[in-house]
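Here is the structure we will look at.
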Amino acid sequence: MALSRRELFTGQRVASADVIALPWWRGEKGCDGCGKCVAACETHIIRLNRAEEPHLDFMQGECTFCAACVEICPQPLFNARNTAPFPQRIRIDNRCITLLGVNCRSCQESCEQQAIRFQLMPNGIAQPETLPQHCTGCGACIAPCPVSATGLHHEP
């Protein structure tokens, strides 16, 4: 994505086209679009798409894994909570401005799990390194990125 200077400084960015399902979601059809999960979400990141299926909008915040969406859902659409909540893990793509020589660590600063670290390079600008084994998929690193270079992808 090409980002204009105005978009960078005003924060008017386009969210990723990737759709992230709710934590513990089985991936099955059957949601009736009641919206109870939207109302129950403590961080207000659950949205319904045009088909009235829930998804997470990490541009609004992060998932705290409170499981309110799981508990309030009248449909049997979720796995047991003793499993991993998300199959997705952190990725940082080539839009990252540190790759262009700009010192930025907004993703690292927002990651409580320390799944992102920066390695100092000979040019003096530290480069991002992801540690997927530490990532919970909470999405805390997504909204703070000024160029939308952070996101989640499915682990192989």
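- Contact of the L56 side chain with the C41 side chain is not registered, since no non-hydrogen atoms from C-beta on lie closer than 4.5 Å.
- Atom CD of E112 has 12 or fewer neighbouring heavy atoms from other residues, nucleotides or ligands inside a 6.0 Å radius.
- A donor-acceptor pair under 3.5 Å links the side-chain atoms of S110 to the main chain of A140, judged by distance alone.
- Residues K29 and E53 are in side-chain contact: their nearest non-hydrogen atoms beyond the backbone lie under 4.5 Å apart.
- Remark: side-chain polar atoms of W24 are not paired, donor with acceptor, to backbone N or O of V70 under 3.5 angstrom.
- Side-chain atoms of P54 and C69, non-hydrogen and from C-beta on, never get closer than 4.5 Å to each other.
- Across every non-hydrogen atom of Q75 and D32, the tightest pair is NE2-OD2, 3.4 Å.
- Judged purely by distance below 3.5 Å, without hydrogens or angles, the side chains of T64 and E42 pair a donor atom with an acceptor atom.
- Scanning both residues, L48 and G33, for their nearest heavy atoms gives CD1-O, 3.9 Å.
- Here the side chain of R117 pairs no donor or acceptor atom with the backbone of P128 at under 3.5 angstrom.
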Let's go through C107 and F118 carefully: what are the C-alpha distance in whole Å and the side-chain angles of both, what is the deciding distance for side chain to side chain contact (heavy atoms under 4.5 Å, CB included) to 0.1 Å, and is it a yes or a no? CA-CA 10 Å; C107 57; F118 281 74; 3.9 Å; yes

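- If you take CD on Q113 and CD1 on I90, they are separated by 10.5 Å, rounding to the nearest 0.5 Å.
- Put simply, F58 and V38 are part of the same group of oily side chains (I, L, V, M, F, W, Y) that touch within less than 4.5 Å, one to the next.
- Counting only heavy atoms from C-beta outward, the side chains of C63 and F86 approach each other to under 4.5 Å.
- Smallest separation of non-hydrogen atoms from C96 and V147: CA-CG2, 4.3 Å.
- Within the 4.5 Å cutoff, side-chain heavy atoms of P74 are placed close to those of C34.
- A distance of 8.0 Å separates SG in C31 from CD in E52, rounded to the nearest 0.5 Å.
- The environment of CD in Q114 is sparse: at most 12 heavy-atom neighbours from other residues, nucleotides or ligands sit within 6.0 Å.
- Rounding to the nearest 0.5 angstrom, the gap separating the OG atom in S148 from the CE atom in M59 is 4.5 Å.
- In this structure the side chain of T136 never reaches within 4.5 angstrom of the side chain of P85, judged on heavy atoms.
- Closest approach of P144 to S106, counting heavy atoms only: O-OG, 3.4 Å.
- Between the side chain of R47 and the backbone N or O of H55, no donor-acceptor pair lies under 3.5 Å.
- Put simply, the side chain of R26 gets close to the backbone of F78: a donor and an acceptor are under 3.5 Å apart.
- When atom types are taken as modelled, the side chain of T98 and the backbone of N103 share no donor-acceptor pair closer than 3.5 angstrom.
- Of the possible polar contacts, none joining the E129 side chain to the Q127 backbone as a donor-acceptor pair under 3.5 Å is found.
- For the atom pair CG of D57 and CG of N49, the computed distance is 12.0 Å after rounding to the nearest 0.5 Å.
- Heavy-atom minimum distance, A84 versus R89: CB-NH2, 4.4 Å.
- Counting heavy atoms from C-beta outward, L77 and C73 have side chains that approach closer than 4.5 Å.
- One distance of note links CG of N79 with CG of N82; it measures 9.0 Å at 0.5 Å rounding.
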Please test I116 against L131 for side chain to side chain contact (heavy atoms under 4.5 Å, CB included), starting from the C-alpha separation and ending with a verdict. CA-CA 6 Å; I116 306 167; L131 304 168; over 6 Å; no

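- Residues V102 and I125 have side chains not in contact (no heavy-atom distance under 4.5 Å, counting atoms from C-beta outward).
- Under the 4.0 Å criterion applied to side-chain N and carboxylate O atoms, E71 and R81 are assigned as salt-bridge partners.
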E109 and C141: CA distance, side-chain angles, deciding distance, side chain to side chain contact (heavy atoms under 4.5 Å, CB included) verdict: CA-CA 8 Å; E109 292 167 358; C141 60; over 6 Å; no

Under the criterion side chain to side chain contact (heavy atoms under 4.5 Å, CB included), I'd like the reasoning laid out for I142 against L152: C-alpha separation, chi angles, the key distance, then a yes or no. CA-CA 8 Å; I142 295 175; L152 299 176; 4.1 Å; yes

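- Under a 3.5 Å cut-off, the side chain of T130 and the backbone N or O of R91 do not form any donor-acceptor pair.
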